[in-house]
Every structure is written in structure tokens, then in C-alpha cells.
Amino acid sequence: PPTTKEGTFLAELFNKNKGPKEERPMACPPSSPSPFHAGEWELQEKAGVREATETLGRKVIRSSMPLQHRAFYESLSFAIVATPGPTCSFFRGTLRCPDAVTLELAGGAVPTPDLAEGSRIGLLGVDLVARRRNRLSGTVLSLDPLTLKVDQSFGNCPQYIQRRKLKGGEATEVVEAPSSFVSFDSSDFVKRVIEGADTFFLASLAPGSATNLGADASHRGGRPGFVLVESDTELVVPEFAGNGHFNSLGNFLVNPGASLLFVDFDSGAGLSLSGTVEVVADPQEQQQQRGEEEQKKLGDELFPYFAGAERYWRFTLRQGQKFAPGTFGRCWEKTSSEFVSPNSLLAGTWPEARDARRAAEVSWQQFRVSKVVRESSVITSFYLEGPVGAFKAGQFLTVKVPTEKRKPSVRTYTCSVAPNEGFYRISVKKEKNASKWLHENLKAPGAFLEVKAPPRGDFYLDAGTRKSPPAVLLGGGVGVTPLISMLRHVVREGTRTRWNVRRVVFVHVSHDADQRAFFQETTDLKAKSPPGSVSVTSILSSIEGRLDKAKLQKILSPLDDDDDSDYEVYVCGPSSFVQASYDLVRSLGVDDQKIHAESFGPATLRRDNTSKEEAPPMASQAVTVRFTKSQVDALWTPTQKPPTLLELAEAEGLEPDYGCRLGSCGTCRTKITRGAVTYSDNRLCLKNDDIEDTCLLCQAFPKADVDVIDLDL
């Protein structure tokens, strides 16, 4: 909303002119040159937004300032100016807009020697309190006062702006001259300001006289730690989802010169850095192009673990200047409890990326139970604090549960939060043994659990975008847990990328309202999403009956109406629910390859479109199975429903470690010292071909023509 000063300006302007007399002309009608140059085009093309950005840019990038922009600039007490060095300067004074194409900067100075009449400069006006910013580029008409003719004027989104207010009227007199440095190790102050920054400003330059060229002033923000001091002369800066213009990075492609301005908001001191930039527009491509023997830099190694970053750039210092306290104002205050931008909260930091890299190797680690939340009459969530590594939405953790037995029970539980939330959460249904122990013994925070992390598994969902096929999530009972992770991930990523949310249909079937978990959470997630992008349906089978064809067709009808019928289906729950849901979805004509399923319990899904290549047959005669470590011999027989080797071991009183019982987690993998095994699903055979002399007990059967199997168990 306009400030009081803006409102007064607009009222006076409308009273004077009796309202706008004609529509504002577009800066770039279809017949005129593009508002973007070759460097911006290249990055837009790489990001797959070239056509959309060109269309939008021609609508929003104008050759004059609309009334709202003029009111905004006149309400500001400071601005960021980019001059042709490029040099990034902090201007504190008065901004005046005598007409729609002229901007004057009075009452202050732009401390740069590279300015002359005819220079093409950029200006960023930013209201940190209101999280508003507008940009323009223009041509210098005169130097005293500095007066610009506007060439391009456009608004920017409020993302990554931390709320602050500069108090005090007049600029502070600073007698002390800035000191120069050529290394970030020159003083503790320099590194502290950069590594603790949540905001900085930058100037870039695309040389030339055309209206789509010249200097540009911009802003970058994140949480403290989002700028990496990689060496004594190099910084690495992540790029988050933005407006798709790529103004700064596009300039860097055609001219690597850059100027960065860091303000220490606690003291009003600051740093001005000049140097060059290398843009890493496609990190994966760069990693592939690097030779195996080429030394990786720290930023290259950490970037894959940086949450929310899409690309990055490396700044190499040529020279820096350190400004004394008060240079940029003496009193900046945080204005609210919502000081940090919501977008910043969804993105990572380099210290977090370093921790995630350390946690990436799967191993048993200690996690503290930080919170316990009862989700329903049968499901409780346990929040886990510890070294959180990267994972995919829907994957599971393997947990050692210290029950009353001789040794801990090893179980797998889905991580029911999205990746990059900074913690794990397992949501467990109370049944018997391990889950019962968790419910009855972990009623308050403080205990520790041994967890094999980060999460693993083949049942997961990519967040996608609006252009991705819709995702239909069908959950039965506690099978909702991976689907909650998927829904949270889609909504978080969609929010982070400016509401670019993949369409999701979420269906949860529970016995009754008491057993229904996450109802409020799914309702809130739907409310946070753009209208029509997420639908949530809760079915209470004791009242409404089971999920049947008529119910599902009604739930999916909006997808068919919008010609979004090419969807992917994710099903999870008890074996009977998964099989029934699979058959139901297939009856609607969904291709088998687009149905992803995970069930709880020993039974496996029977697909009607199995691999053309059949798995090697299992034995048709009795086979002796020797569990050599336990000195137990058992006879496996090919009954109508033959037991897996895990079930055979359990029938003999043995307690092998297991987790999912689906062949996914690998917990039950055991060494074979004699004989051979097969699996009912050839996909498991192919998946385990490369792991010689071992088998997954939970899905393994004796192979045909084998008389004896020796297992190291």
C-alpha cells in the first residue's frame, strides 16, 4: 500500500491533471526492439523462459515512469545507483520526478568519478520496510543536480528483502576516508560483514548506447551465510528463483565487471568491492566439463547441497574499500518479528550446505527427539534433530528402536516432512513391538534414537512445476506419511519459485475422524497454494465406504475438465489398499508406468503390466537353507504362497534386521556363501545383479535347480 507521502503525491497529481488522460504506452510495442540484450537472452533460453519473459517484459518494462513509480521514488530517502565503472553507490538525499521521463537526485552526492553527461546509469529504489523495489535505467542529462532521462522503468518482486528502517534525517558527516584492501583476509571486519550479510547491492554493465544496454543496479538477499567467502579473493553467490529477466547475470555474460556494496546495518559501516564475475548458469554441465584431475573449488563442491539455489556466480576481487561507521546511516532498525523475508526462509545457506554434504553419506547417527506431536488416535509424529542430509520427498529413514528384546529392532519409517526443512519427522502408527515402544516411551522431547540417514528409497516425487503432469496422491491410513512429505515439498517449492506449483490431487482414506492424521496440515497447505493448484479430499470409510470408481472419478473430474488427464499416480498404504487402488486407477485407463506404489506389510503389488523379461524361476522342489552363523537349518518348500527367506528365518525363531519388507531399504541384505536366489519381480533381479553374493531376504526365494543355500546369518 502507498505510504502517506506517496498517497499525497498521487492525490495532488490526480487533482492537477484530473486523472490520467491516456493509457501509458508500452515501452516495447511488438514492432520495437526487445527490452533485453544477448546476454539476457542466453540465460533466459537456458532457463526455458525466453518466450514468456519476452512477452512479459514488453508489457512491464516501460520507457516512462507510471504514476505509482513516481510516487514511490519521491517517498524514498535513499537509492542505489550503478554508474558505468561499473560502480555501486549509496545515494542518500531527495529524489524528485518532475515528469514521467525525468528523475532528479538532489541533496546528496553520487561518489563516483566515472560519471558524465550522456552516461547510461541504473538506479534501484527500495523500501526495505514495505518490501517494495523498482528499477530504472537512464541517460544522464546534467550532473548538478544529477538528472536522468528515463530509458527503462519497471517494478521488481518483494522476494528476499529483509525489513529494515533507516532512522534519522540528515546524512551523517563522515570525516574518515575509506581504506583500501585487496584480500578478504585483510581484517576480521571484512569477513564478518560478508559472511553475516543478509543483504547486498550490486552494479553491472552491458556497454553500449541502446536503451536495453547500460548500467544496472540490483539487490540480493537471503539469510546470513548466503554469501560464501571461498578464498581470500573469491566470493560465491547463489541465485534463487526470480523474475526470469536475468538483468544482472545477463550483463555479466557480456561484461564480467562488477561492483558489490555491503552495508553493516549495525554500525552504518560498509564495504565496496570491485572485480569480475564468472556465471555458472548450469552447475551440472560445468561439473561434467571439468576434468577429473581439475581441482574443484569449495563452492562447486557445496552447491549441490545448497537448498533453493538454481545457479550461482563467483566474484573475484580486484580491489575493496572499507567505509567507516555512519557512512551509510547510523541507525538501522529491524521493523517487525517478520524481519526475514519468507522467501529467504525457504532457501539455504553455505554453512547448511556444508552440513548437508557431511550428512550425505548414509550411516548410523544419533538424533535427538526434539518434539512429539499426536496426529491422531493411532499416529504420533517424532521430530528429529541432528545432521540432516539431502533427500527426496517420500523416502524413508531406518531407525534402531531399543525395545525390550535382546537387540534393537530395525524398522523403516517415512520422513513426513519436505526436504530442506532443517529437520526430520517420522510419523508412526502404534501397532506392536517397535512402534508400540516409540509411542509408550517417547512421550516428551529429549531422548536419542539411532538413525540411518539421510533418507533413502525408490518411492519419491519431484516437485515439478505448473507444466509437469498433475500428481494424484492416494493414501490409506498411515500410508499418508510419504504423501504428506510430497505435498509439503510441492507447496514449498512452488512458493519458493513464485507460485510455480505443480497441480496435486491429494486423497486420504481413514477409518474414522479419530484415526485421521494431518487433516489440518493438508488443509493449511491447500490454503497456502494458488487457487486450483491443490485439492484435498478426506474419506472416512466407516461413514462413506471405501474409495471406489465413482468417488475417484468425481475427485479427478476437474483434471479431465481442464484437459489435465495425463497425470501420475502415487499410492501408499496397507497392501490391500494399494492393490485395490492400483486396480482402480488402471480401470480408469492410467498407464502402468505412471503408477508408483509403496505398501506396508509383506505382500507385494501385483501389476498387470510386468516386465517383458520374466524373473528367473524359483525352485520347484524343497531346498535346504542353512543360516550358518545361527547354526540353524530350515527346509524351504514351494507351497501355493511360498515364504520369502526372511519369513523362513522368522519361522525358525531368528530375528534378522529388516525395514520395509519391500526390497527397497536394503536393511535385510545378507551375504550368500552357497547357492543362488531369485525374486518375484524381475526389476529386483536387475537392480541387484551388480551386488554379487548377497540377497534381500524380504523378497528372495531359492532359485530353480538349487538344492542348498547357505546364508551368513
Side-chain angles (χ1 to χ4, degrees), residues 184 191-192 194-198 222-232 234-240 280 283-284 286-288 290 292 294-312 314 344-371 382-400 410 412-426 445 447-457 460 485 488-489 492-493 496 659 665-667:
F184 298 127
K191 290 190 72 172
R192 178 178 64 79
I194 295 173
E195 293 179 335
D198 57 40
R223 289 185 290 131
F226 86 106
V227 180
L228 174 68
V229 179
E230 186 179 52
S231 71
D232 60 353
E234 292 176 311
L235 305 178
V236 182
V237 181
E239 284 288 306
F240 307 132
V280 183
Q284 282 189 330
Q286 192 203 56
Q287 294 297 333
Q288 293 169 358
R290 284 185 181 274
E292 291 185 6
E294 187 174 349
Q295 183 68 34
K296 281 186 180 180
K297 295 184 177 181
L298 182 59
D300 302 330
E301 293 182 345
L302 294 182
F303 180 78
Y305 304 97
F306 197 113
E310 300 186 345
R311 55 193 63 82
Y312 62 101
R314 179 174 284 105
S344 298
L345 294 174
L346 293 175
T349 65
W350 291 106
E352 289 173 353
R354 188 180 283 109
D355 291 342
R357 183 181 64 167
R358 282 197 292 263
E361 186 174 343
V362 177
S363 62
W364 288 104
Q365 304 170 58
Q366 290 290 324
F367 282 79
R368 179 180 176 272
V369 178
S370 61
K371 186 163 64 171
F382 303 93
Y383 290 69
L384 306 177
E385 282 183 351
V388 175
F391 67 98
K392 296 181 179 179
Q395 293 183 313
F396 57 81
L397 290 163
T398 304
V399 181
K400 285 184 180 178
V410 179
T412 58
Y413 299 108
T414 301
C415 190
S416 59
V417 291
N420 303 322
E421 292 200 46
F423 59 91
Y424 294 139
R425 180 181 72 176
I426 57 173
F448 284 83
L449 287 174
E450 195 170 0
V451 178
K452 184 178 281 189
R456 296 166 295 158
Y460 57 83
S485 172
R488 289 172 72 108
H489 183 45
R492 279 176 60 87
E493 283 298 287
R496 185 186 66 78
C665 70
T667 303

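Everything numeric in this text was worked out from a predicted model, so none of it was measured.
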Which heavy atom in Val236 sits nearest to a heavy atom in Gly299, and how many Å separate them? CG2-CA, 4.3 Å
Return the CG to CZ distance between Leu345 and Arg492, rounded to the nearest 0.5 Å. 9.0 Å
Euclidean distance, Ser344 OG relative to Phe240 CZ, rounded to 0.5 Å: 7.0 Å
Give the minimum heavy-atom separation between Phe306 and Pro238, together with the two atoms involved. CZ-CG, 3.6 Å
Would the number of heavy atoms belonging to other residues, nucleotides or ligands and lying under 6.0 Å from CZ of Phe184 be above 12? yes
Considering only distance and modelled atom types, tabulate donor-acceptor pairs under 3.5 Å from the side chains of residues 382-399, sequence neighbours left out.
residue, atom, partner, partner atom, Å
Tyr383, OH, Arg425, NH1, 3.3
Gln395, OE1, Lys392, N, 2.8
Gln395, NE2, Gly457, O, 2.8
Thr398, OG1, Arg456, NH2, 3.1

Where Leu449 and Lys400 come nearest, the two heavy atoms and their spacing: CD2-O, 4.2 Å
Minimum heavy-atom separation for Pro419 to His489, with atom names? CD-ND1, 3.7 Å
Parallel, tilted or perpendicular, judged at 30° and 60°: which one describes the rings of Trp350 and Phe303? tilted
Are the side chain of Arg357 and the backbone N or O of Glu301 linked by a donor-acceptor pair below 3.5 Å? no
If we only count heavy atoms from C-beta on, is the Arg354 to Arg358 side-chain gap below 4.5 Å? yes
Validation row: Glu450, Gln365 side chains within 4.5 angstrom (heavy atoms): no
Minimal heavy-atom distance between Pro351 and Gly225, with the atoms involved, is CD-O, 3.6 Å
Less than 4.5 Å apart, any side-chain heavy atom of Val229 and any of Leu235? yes
Tell me the closest heavy-atom pair linking Cys415 and Tyr424, and the distance in Å. SG-CD2, 3.7 Å
Roughly how far, to the nearest 0.5 Å, is the CG atom of Leu228 from the NZ atom of Lys297? 11.5 Å
Would you say the side-chain atoms of Asp355 and Tyr305 include a donor-acceptor pair closer than 3.5 Å? no
Atom CG of Asp300 and atom CD of Glu230: how far apart are they, to the nearest 0.5 Å? 6.5 Å
With sequence neighbours excluded, tell me which residues meet side-chain contact (heavy atoms from CB on, under 4.5 Å) with Pro224. Asp198
